[in-house]
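Here's the structure we're looking at; comments come further down.
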Amino acid sequence: MKRFLLAIMLAASAAFSVSAAIEVYEFDTPEQEEAFKKLGKELRCPKCQNNNIADSNAGLAQDLRLKVYEMLKQGKNEDEIVDYMVDRYGNFVTYNPPVTASTFILWAGPALFVVGGFTVLVMRSRKPKVKTAKAELDSEEQARLDALLNEESADNKNKDNNG
């Protein structure tokens, strides 16, 4: 009996946790519906940061979808809606922010990095190789070196003969 009650309680709790509100929007024209879908894919959720408002379940994304719907019903076009969202949330709300003074480094940075790296590689490959100068030994150092080499070869001969 306890197992039966436990199973019912688990099933009931699972059913409540799965239930989610499904948003249904009524559009006057198919063009409004297409614009709504397009804007849902183009606008980024400021809270989720890498989801668009169509895919996000965040409360802010739901509010943004509702605002887009309301603005479409008021007769606003897509550009006006995007401008409103950018004014309110900044350029971050779009996936393709415009090139401005504040976003220039984001657009030009990768290209500048590649060009700079290529320039460094070219400069390094054209740089003349530094030749190492042979050290000249004076007569005293040469005599000492010859004596050491002769001594080493004599030791090796003695080992071979005794070995």
Side-chain angles (χ1 to χ4, degrees), residues 1-137 141 145 148:
M1 183 65 174
K2 287 182 182 179
R3 287 187 181 178
F4 180 71
L5 289 174
L6 182 61
I8 290 175
M9 289 175 53
L10 285 175
S13 65
F16 289 123
S17 66
V18 173
S19 67
I22 297 174
E23 298 168 346
V24 178
Y25 297 107
E26 298 289 328
F27 295 97
D28 297 334
T29 64
E31 290 80 20
Q32 281 184 343
E33 185 173 359
E34 286 302 315
F36 180 79
K37 288 178 183 178
K38 183 179 176 190
L39 288 168
K41 299 279 185 207
E42 289 179 1
L43 296 174
R44 183 189 321 232
C45 174
K47 183 177 180 183
C48 304
Q49 296 189 2
N50 207 20
N51 283 355
N52 55 37
I53 62 172
D55 294 338
S56 176
N57 289 329
L60 182 57
Q62 291 172 353
D63 292 343
L64 290 176
R65 285 192 298 266
L66 181 61
K67 187 64 177 176
V68 168
Y69 172 73
E70 289 171 353
M71 292 177 81
L72 283 170
K73 292 292 270 186
Q74 292 170 2
K76 307 267 180 165
N77 64 25
E78 292 177 29
D79 292 333
E80 291 173 326
I81 295 171
V82 170
D83 290 342
Y84 171 82
M85 294 296 179
V86 168
D87 288 343
R88 183 156 179 124
Y89 298 102
N91 285 326
F92 179 78
V93 79
T94 61
Y95 278 107
N96 293 321
V99 179
T100 62
S102 63
T103 61
F104 180 74
I105 193 68
L106 296 174
W107 288 101
L112 292 174
F113 186 74
V114 169
V115 168
F118 184 71
T119 302
V120 168
L121 287 176
V122 168
M123 297 300 285
R124 286 187 57 116
S125 68
R126 291 188 178 189
K127 187 176 176 183
K129 304 252 189 260
V130 177
K131 294 182 179 178
T132 56
K134 285 189 172 182
E136 295 292 326
L137 302 176
E141 292 172 332
L145 178 62
L148 287 171

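Given the structure is predicted, the values throughout are model-derived calculations rather than measurements.
Atoms CG and CG, from D79 and L39 in turn, are 9.0 Å apart once rounded to the nearest 0.5 Å. Taken from CD in E33 to CD in E26, the straight-line distance is 9.0 Å, to the nearest 0.5 Å. Residue N57 holds its CG atom at 12.5 Å from CD1 of I53, rounded to the nearest 0.5 Å. Separating the CD1 atom in I81 from the CG atom in L43 is a distance of 8.5 Å, to the nearest 0.5 Å.
S125 is linked by a side chain to side chain contact (heavy atoms under 4.5 Å, CB included) to nothing, counting only residues two or more places apart in sequence or in another chain. In this structure, K76 has no side chain to side chain donor-acceptor pair (under 3.5 Å) partners at least two apart in sequence or on a different chain. Checked against salt bridge (Lys or Arg N to Asp or Glu O under 4.0 Å), E141 has no partners two or more places apart in sequence or in another chain. Remark: Y84 pairs with K67, M71, R88 by the side chain to side chain contact (heavy atoms under 4.5 Å, CB included) rule, at least two apart or across chains. Residues that satisfy the side chain to side chain contact (heavy atoms under 4.5 Å, CB included) test with D63, not counting sequence neighbours, are absent from this structure. In this structure V115 satisfies the side chain to side chain contact (heavy atoms under 4.5 Å, CB included) test together with T119, sequence neighbours excluded. Partners of E78 under the salt bridge (Lys or Arg N to Asp or Glu O under 4.0 Å) rule, at least two apart in sequence or in another chain, are K38. Residues meeting the side chain to side chain donor-acceptor pair (under 3.5 Å) test with K73, sequence neighbours left out: D28. Checked against side chain to side chain donor-acceptor pair (under 3.5 Å), Y89 has no partners two or more places apart in sequence or in another chain. Contacts of R44 classified as side chain to side chain donor-acceptor pair (under 3.5 Å), with partners at least two apart in sequence or in another chain: none.
The shortest distance between side-chain heavy atoms of L64 and C45 does not fall below 4.5 Å.
Applying the ring-ring contact (aromatic ring centres under 6.0 Å, His included) test to pairs two or more places apart or on separate chains, those with a residue in residues 25-80 are Y25-F36, Y25-Y69, F27-F36, F27-Y69.
In terms of modelled atom types and a separation under 3.5 Å, the side chain of R65 and the main chain of G40 share no donor-acceptor contact.
Closest approach of V82 to T94, counting heavy atoms only: CG1-CG2, 4.0 Å. Among all heavy-atom pairs drawn from V68 and M85, the shortest one is CG2-CE, 3.7 Å.
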